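Scroll down for the structure; my scribbles are underneath it.
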Amino acid sequence: MAVVISVANQKGGVGKTTLTMNLGHALATMGKRVLLVDIDPQFNLTFGLIGMDVLQYGDSNVGTLMTRESDIEDTIVEVRENLHLIPSHLNLSAREIEIINAYNRERRLEKALTPILPDYDYVLIDNPPSMGIFLVNSLTASDYVLIPLELSYFGVIGMQLMFNLMRMIREETNENLKLLGLVPNKFTRQTKVPKMRLKELKATYPDAPILTTIPKAIALEKAQSQGMSIFEFDGDGRASKALLKLAREVVEIVEG
């Protein structure tokens, strides 16, 4: 049965999509059966994985899945061995009002995913940088939350908003939701500020697990723009090694 992990942060620009994509590739390379779910109307994960083919999925994407206009078997796209995708689409934003007004709206994604969970080891959900109905659906359907963040003042302080939302979700729709950990992203040693913010993060949230730090790397952006994982683009680089370490850490925490 799959473990469902939301990669989430209400703040934009922290690297959620890049992390989801490369963590998925790393887990698949380790032999895990992985399903990526793009629930972000900006569809960056989908575009990074299948490019302009995104246009082909107007009638079979995460939005039509949540409005029950498509079956999940017809919505899953094979990316490579052990790695599948439920795509987003440019029409997803238009479906938001329909989903908000739907019966049992918070559980639409959970209900859709349930039949295929036995087919996978991990489901990773890439989320929009907002606290709307899509993020609520994602957290309701998840076992864990993985939170990437930049080590800036607002990045550290903004964690409280995510923790507040997680508490609300536990009280209302998913009492078993757990924090998998925080992932300091785009880390640089060129100034003292990130190291100082990392200390502040540990002091402010002492009970929050802090996982592998991912370095700032131009290679990550170039790889995604070319539809490649960091492992294909720069397999011996610092970012590749850090993301593979993170994947092993996730498996160790989840599987024991």
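The structure presented is a predicted model; accordingly, all values stated were derived computationally and were not measured.
The line from CZ of Phe47 to CG of Asp53 is 10.0 Å long, rounded to the nearest 0.5 Å. One distance of note links OG of Ser130 with CG of Leu135; it measures 7.0 Å at 0.5 Å rounding. For the atom pair CG (Leu83) and CG (Leu36), the distance works out to 4.5 Å, reported to the nearest 0.5 Å. Of the inter-residue distances, the one linking Phe134 atom CZ with Ile99 atom CD1 reads 4.5 Å to the nearest 0.5 angstrom. Atom CD in Glu69 sits 9.0 Å away from atom CG in Asn61 (nearest 0.5 Å). Here the CG atom belonging to Asn174 is positioned 9.5 Å from the CE atom belonging to Met166, to the nearest 0.5 angstrom.
For residues 50-91, the set of pairs meeting the ring pair (Phe, Tyr, Trp, His ring centres under 6.0 Å) definition, not counting sequence neighbours, comprises His84-Tyr120.
The neighbour count for Lys111 NZ, taken as heavy atoms of other residues, nucleotides or ligands under 6.0 Å away, does not exceed 12. More than 12 heavy-atom neighbours from other residues, nucleotides or ligands sit within 6.0 angstrom of CG on Asn104.
For Thr114 (side chain) and Glu110 (main-chain N/O), a donor-acceptor pair under 3.5 Å exists by modelled atom type. With Lys16 contributing its side chain and Lys11 its backbone, the two residues share a donor-acceptor pair below 3.5 Å. Arg170 places a side-chain N or O within 3.5 Å of a backbone atom of Leu177 that can act as its donor or acceptor partner. A donor-acceptor pair under 3.5 Å is formed between the side chain of Arg105 and the backbone N or O of Ile100. Between the Asp121 side chain and the Val34 main chain, no donor and acceptor come within less than 3.5 Å of each other. Judged by distance alone, with hydrogens and angles left aside, the side-chain atoms of Ser229 form a donor-acceptor pair with the main-chain N or O of Glu232 at under 3.5 Å. Panel note: side chain Asn22, backbone Thr20; no donor-acceptor pair is recorded below 3.5 Å. Under the 3.5 Å distance criterion, the side-chain polar atoms of Ser240 are matched with a main-chain donor or acceptor of Asp234. Panel note: side chain Arg107, backbone Thr173; a donor-acceptor pair is recorded below 3.5 Å. Judged by distance alone, the side chain of Asn127 and the main-chain N or O of Val7 form a donor-acceptor pair under 3.5 Å.
Of all the heavy atoms in Thr213 and Ala242, the pair that sits closest is O-CB, 3.8 Å. Closest approach of Pro148 and Val14 over heavy atoms only: O-CG2, 3.6 Å. Here the closest heavy-atom approach between residue Ala8 and residue Val145 is recorded as CB-CG1, 4.3 Å. In terms of heavy atoms, Thr64 sits closest to Asp59 at OG1-O, 3.6 Å. In terms of heavy-atom proximity, Leu179 sits nearest to Pro209 at CD2-CD, 3.9 Å. Contact record, Ala26 with Leu243: CB-O, 4.4 Å, taken as the closest heavy-atom pair.
No side-chain heavy atom of Ile5 sits less than 4.5 Å from a side-chain heavy atom of Asp143. Side-chain contact check for Leu244 versus Phe231: some heavy-atom pair is nearer than 4.5 Å. When side chains are defined from C-beta on, Val77 counts as touching Pro87, because their heavy atoms get closer than 4.5 Å. The shortest distance between side-chain heavy atoms of Leu182 and Leu201 falls below 4.5 Å. With a 4.5 Å cut-off on side-chain heavy atoms, Asp38 and Ile86 do not count as touching. Between Met159 and Leu149, the closest side-chain pair of non-hydrogen atoms falls below 4.5 Å. Within the 4.5 Å cutoff, no side-chain heavy atoms of Asp119 are placed close to those of Glu73. Put simply, the side chain of Leu113 reaches to within 4.5 Å of the side chain of Ile72, judged on heavy atoms.
Transitive grouping of hydrophobic side chains (ILVMFWY, heavy atoms separated by less than 4.5 Å) brings Leu45 and Leu246 into a common cluster. Ile169 and Ile39 are members of different hydrophobic clusters when ILVMFWY side chains are connected at heavy-atom separations under 4.5 Å. Leu117 and Tyr144 fall into different hydrophobic clusters, defined by Ile, Leu, Val, Met, Phe, Trp and Tyr side-chain heavy atoms under 4.5 Å apart, directly or through other members. Note on Leu23: it clusters hydrophobically with Leu180, by side-chain heavy-atom contacts below 4.5 Å among ILVMFWY residues. Cluster membership for Leu211 and Val3, using ILVMFWY side-chain heavy atoms within less than 4.5 angstrom, is shared.
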Audit row: Leu165, Gln10, side-chain contact (heavy atoms from CB on, under 4.5 Å) steps and yes/no: CA-CA 10 Å; Leu165 179 59; Gln10 87 292 339; over 6 Å; no
Pair Asp126-Thr17, side-chain hydrogen bond (donor to acceptor under 3.5 Å, both in side chains): steps then yes or no: CA-CA 6 Å; Asp126 186 31; Thr17 298; 2.7 Å; yes
Test log, rule side-chain contact (heavy atoms from CB on, under 4.5 Å), inputs Leu161 and Met131: CA-CA 9 Å; Leu161 292 174; Met131 290 193 176; 3.5 Å; yes
Verdict with reasoning, Ile125 to Leu139, per side-chain contact (heavy atoms from CB on, under 4.5 Å): CA-CA 9 Å; Ile125 308 174; Leu139 296 181; over 6 Å; no
Ile214/Val183 under side-chain contact (heavy atoms from CB on, under 4.5 Å): CA gap, chis, key distance, verdict: CA-CA 7 Å; Ile214 309 301; Val183 180; 3.7 Å; yes
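Of the N and O atoms on the side chains of Asp40 and Ser88, not one donor lies less than 3.5 Å from an acceptor on the other residue. Side-chain contact of Ser93 with Glu96: a donor-acceptor pair under 3.5 Å is absent, judged by distance alone. In summary, the side chains of Ser70 and Thr75 do present a donor paired with an acceptor at a separation below 3.5 Å, with no hydrogens or angles considered. For the residue pair Gln224 and Thr18, a side-chain donor N or O sits within less than 3.5 Å of a side-chain acceptor on the partner.
Contacts of Leu55 classified as side-chain contact (heavy atoms from CB on, under 4.5 Å), with partners at least two apart in sequence or in another chain: Met52, Leu90.
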Please tabulate, for the side chains in residues 249-256, all donor-acceptor contacts under 3.5 angstrom to protein atoms that are two or more places apart in sequence or on a different chain.
{"residue": "Glu249", "atom": "OE1", "partner": "Thr212", "partner atom": "N", "Å": "3.0"}
{"residue": "Glu249", "atom": "OE1", "partner": "Thr212", "partner atom": "OG1", "Å": "2.6"}
{"residue": "Glu255", "atom": "OE1", "partner": "Lys32", "partner atom": "NZ", "Å": "3.2"}
{"residue": "Glu255", "atom": "OE2", "partner": "Lys32", "partner atom": "NZ", "Å": "3.1"}
{"residue": "Glu255", "atom": "OE2", "partner": "Tyr122", "partner atom": "OH", "Å": "2.7"}

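Salt-bridge annotation for Glu98 and Arg108: absent, with no side-chain N of the basic residue lying under 4.0 Å from a carboxylate O of the acidic one.
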